[in-house]
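This chain uses plain numbering: 1 for the first residue, then up along the sequence. Heavy-atom basis, side chains included; hydrogens, waters and symmetry copies ignored.
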Amino acid sequence: MKAAVVREVPDGFVDILEDWKPRDLSFGDALVDVEYVGLCHTDLHCANGDFGNPNELGERNGAFRRVIGHEGVGRVSKLGEGASDYLKVGDRVSIAWFYDACGVCDFCVSGNETFCRNVRNSGYTIDGAMSQQVVVNAKYAVKVPEGLDPVEATSITCAGVTMYKSLKVGETKPGQWVSVHGAGGLGNLAVQYAHNVFGAHVAVIDGNEDKLAAAHANGAEVMINRKKVEDVAAEVQKATGGVHNAQVTAVNATAFNQAVDSLRPMGKLVAVALPQGDMALNIAKTVLDGIEVRGSLVGTRADLKEAFQFGAEGKVKPIVEKVAFSDINEVIDEMKNGKITGRKVFDFTTL
């Protein structure tokens with residue numbers, strides 16, 4: 001079967017293998033026939049070896065190539081021993097970045113399982129969703145509601161739950177102002193969850209007019225093209241009086257710096273994107289304005305279940321476009337160049 005794998009020397013792109021086979025089922029595992037998989041910017045980081053070479057983290061003997069992908073949706077086709085306690089054949093489930101964790105550490109038992117020190121991540125420390133079949137831990141594979149379009153569900157599996165959780169981390173309340181720095185796949189869903197679920201006002205910053213237009217159509221009230229203004233933060237402050245929390249989804253350090261300066265006193269910056277490098281943080285402003293900086297890492301199984309439900313209820317509708325799996329490297333190139341509005345989703349049902 002076909003699978004997209006990190007190249008032997010990671011370079012940001014992938015090879016399509018024709019004879020890939022998933023690992024054998026262990027206790028508690030389930031086999032999933034993949035239907036659709038979205039491409040996330042984190043996949044590019046993995047394919048580029050930005051977090052370390054994922055090919056060196058393999059659990060098999062001999063040569064190893066990691067399958068990328070963590071915005072996957074598919075149907076359970078086979079259950080390993082012990083998996084029937086959680087899933088049944090035919091269930092539609094997610095293949096998310098948060099693959100599984102130890103289940104017993106302080107983080108796992110306190111509702112913070114994504115920070116488990118023994119966490120496994122799809123497409124990085126364990127094979128991901130970008131193959132015709134994938135093995136999941138049945139206890140951790142969240143079911144997709146029947147009322148949710150499976151193509152749209154792919155985006156919620158990562159981008160959606162990531163932004164839903166980050167808005168929680170920012171303690172977003174009805175009537176507050178939220179700024180979203182970067183209006184791509186993450187940012188557009190941030191707008192929808194902030195506006196439609198949390199009842200907040202939204203300002204969006206991006207350099208692409210099409211992405212700004214899409215954000216406006218989904219509820220953003222202030223749109224700022226960072227390429228057309230001299231001082232982004234000053235424009236945000238002028239339009240909103242300073243935001244209560246800033247959500248940074250753009251993969252560049254400049255966006256983080258602009259976000260800090262967009263905050264009102266006691267505002268919260270929530271770091272979501274993962275650019276390389278450091279963020280500048282003025283000590284005096286941080287102290288005198290009571291600024292908080294928080295990191296938000298995807299979401300738990302409970303967060304994903306909630307995020308899916310809002311999608312099933314029609315409160316969130318990801319922008320998605322089905323594309324051929326054979327075009328994956330062209331799509332990677334488009335994402336690298338910031339040309340994608342929403343998400344492009346690979347259709348495995350046609351293979």
Are [Y] and [X] connected in a single hydrophobic cluster, I mean Ile/Leu/Val/Met/Phe/Trp/Tyr linked by side-chain heavy atoms less than 4.5 Å apart?
{"X": "Y36", "Y": "I332", "answer": "no"}
{"X": "V316", "Y": "V180", "answer": "yes"}
{"X": "I340", "Y": "L44", "answer": "yes"}
{"X": "W97", "Y": "L167", "answer": "no"}
{"X": "V93", "Y": "L79", "answer": "yes"}

Has [X] got more than 12 heavy atoms of other residues, nucleotides or ligands less than 6.0 Å from its [atom1]?
{"X": "N337", "atom1": "CG", "result": "yes"}
{"X": "D85", "atom1": "CG", "result": "yes"}
{"X": "E8", "atom1": "CD", "result": "no"}
{"X": "K285", "atom1": "NZ", "result": "yes"}

Minimum heavy-atom distance [X]-[Y], with the two atoms named:
{"X": "P10", "Y": "A47", "value": "CB-O, 3.3 Å"}
{"X": "N282", "Y": "T286", "value": "O-OG1, 2.7 Å"}
{"X": "Y99", "Y": "S122", "value": "CD1-OG, 3.4 Å"}
{"X": "A194", "Y": "V202", "value": "CB-CG2, 3.8 Å"}
{"X": "A233", "Y": "S262", "value": "CA-OG, 3.7 Å"}
{"X": "S155", "Y": "R343", "value": "OG-CG, 3.2 Å"}

Whether the side chain of [X] engages the backbone of [Y] through a donor-acceptor N/O pair (distance < 3.5 Å, no angle test) should be reported.
{"X": "R66", "Y": "L57", "answer": "yes"}
{"X": "D33", "Y": "V76", "answer": "no"}
{"X": "S94", "Y": "A96", "answer": "no"}
{"X": "Y124", "Y": "F51", "answer": "yes"}
{"X": "Q237", "Y": "D261", "answer": "yes"}
{"X": "R92", "Y": "E146", "answer": "no"}
{"X": "T249", "Y": "H181", "answer": "yes"}
{"X": "N208", "Y": "K211", "answer": "yes"}
{"X": "Q247", "Y": "S166", "answer": "yes"}
{"X": "D333", "Y": "E330", "answer": "no"}

Taking 4.0 angstrom as the limit, do [X] and [Y] come out as a salt bridge?
{"X": "K139", "Y": "D100", "answer": "no"}
{"X": "D149", "Y": "K317", "answer": "no"}
{"X": "E235", "Y": "K228", "answer": "no"}

Aromatic ring centroids of W177 and H244 under 6.0 Å?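 No: the rings miss the under 6.0 Å criterion.
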Please report the interatomic distance [atom1]([X]) to [atom2]([Y]), rounded to the nearest 0.5 Å.
{"X": "E292", "Y": "M266", "atom1": "CD", "atom2": "CE", "result": "7.5 Å"}
{"X": "E71", "Y": "M130", "atom1": "CD", "atom2": "CE", "result": "8.5 Å"}
{"X": "N245", "Y": "R294", "atom1": "CG", "atom2": "CZ", "result": "9.0 Å"}
{"X": "M223", "Y": "L212", "atom1": "CE", "atom2": "CG", "result": "7.5 Å"}
{"X": "I156", "Y": "T162", "atom1": "CD1", "atom2": "OG1", "result": "11.5 Å"}
{"X": "R65", "Y": "L17", "atom1": "CZ", "atom2": "CG", "result": "5.5 Å"}

In the structure I gave you, are the side-chain heavy atoms of [X] and [Y] within less than 4.5 Å of one another anywhere?
{"X": "V345", "Y": "E321", "result": "no"}
{"X": "K168", "Y": "D303", "result": "yes"}
{"X": "S77", "Y": "Q133", "result": "yes"}
{"X": "R75", "Y": "D91", "result": "no"}
{"X": "V119", "Y": "F115", "result": "no"}
{"X": "L297", "Y": "K165", "result": "no"}
{"X": "D127", "Y": "W20", "result": "yes"}
{"X": "D327", "Y": "N329", "result": "no"}

Check your understanding: For T300 and N112, what are the C-alpha separation, side-chain angles and deciding distance, and is it a side chain to side chain contact (heavy atoms under 4.5 Å, CB included)?
Key -> CA-CA 7 Å; T300 65; N112 298 291; over 6 Å; no
Practice prompt. List the steps, then state whether side chain to side chain contact (heavy atoms under 4.5 Å, CB included) holds for V178 with V243.
Written response: CA-CA 5 Å; V178 174; V243 298; 6.0 Å; no
Notebook entry, point to check: Checking side chain to side chain contact (heavy atoms under 4.5 Å, CB included) for the pair I224/V222: CA distance, chi angles, key distance, verdict?
Noted result: CA-CA 7 Å; I224 297 173; V222 174; 4.0 Å; yes
Practice prompt. Could you label the plane-to-plane angle of the F325 and F346 rings as parallel, tilted or perpendicular, counting under 30° as parallel and over 60° as perpendicular?
Written response: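 Plane angle over 60°, so perpendicular.
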Would you please classify the geometry between the F310 ring and the Y193 ring as parallel, tilted or perpendicular, with 30° and 60° separating the classes?
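Perpendicular: the ring planes of Y193 and F310 meet at over 60°.
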- Verify salt bridge (charged side-chain N to carboxylate O under 4.0 Å, His left out) between D29 and R23, making sure each step is shown before the conclusion. CA-CA 10 Å; D29 285 341; R23 71 179 192 278; 3.6 Å; yes
Verify whether one side chain among [X] and [Y] offers a donor that lies under 3.5 Å from an acceptor in the other.
{"X": "E209", "Y": "N225", "answer": "yes"}
{"X": "E35", "Y": "T349", "answer": "no"}
{"X": "H70", "Y": "D43", "answer": "yes"}
{"X": "N257", "Y": "T254", "answer": "no"}

| So, is the end of the K336 side chain (NZ or CZ) under 6.0 Å from the ring centre of F13 and within 45° of the ring's axis? |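 Yes, a cation-pi geometry.
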Quiz item: So, is the end of the R301 side chain (NZ or CZ) under 6.0 Å from the ring centre of F98 and within 45° of the ring's axis?
Solution: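 Pair R301/F98 does not count as cation-pi.
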Take V270 and V248 through the test side chain to side chain contact (heavy atoms under 4.5 Å, CB included) and record every step on the way to the result. CA-CA 6 Å; V270 186; V248 188; over 6 Å; no
Practice task
Have a look at N188 and tell me which of D206, T341, N218 forms a side chain to side chain donor-acceptor pair (under 3.5 Å) with it.
Solution key: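 Of the listed residues D206, T341, N218, the side chain to side chain donor-acceptor pair (under 3.5 Å) partner of N188 is N218.
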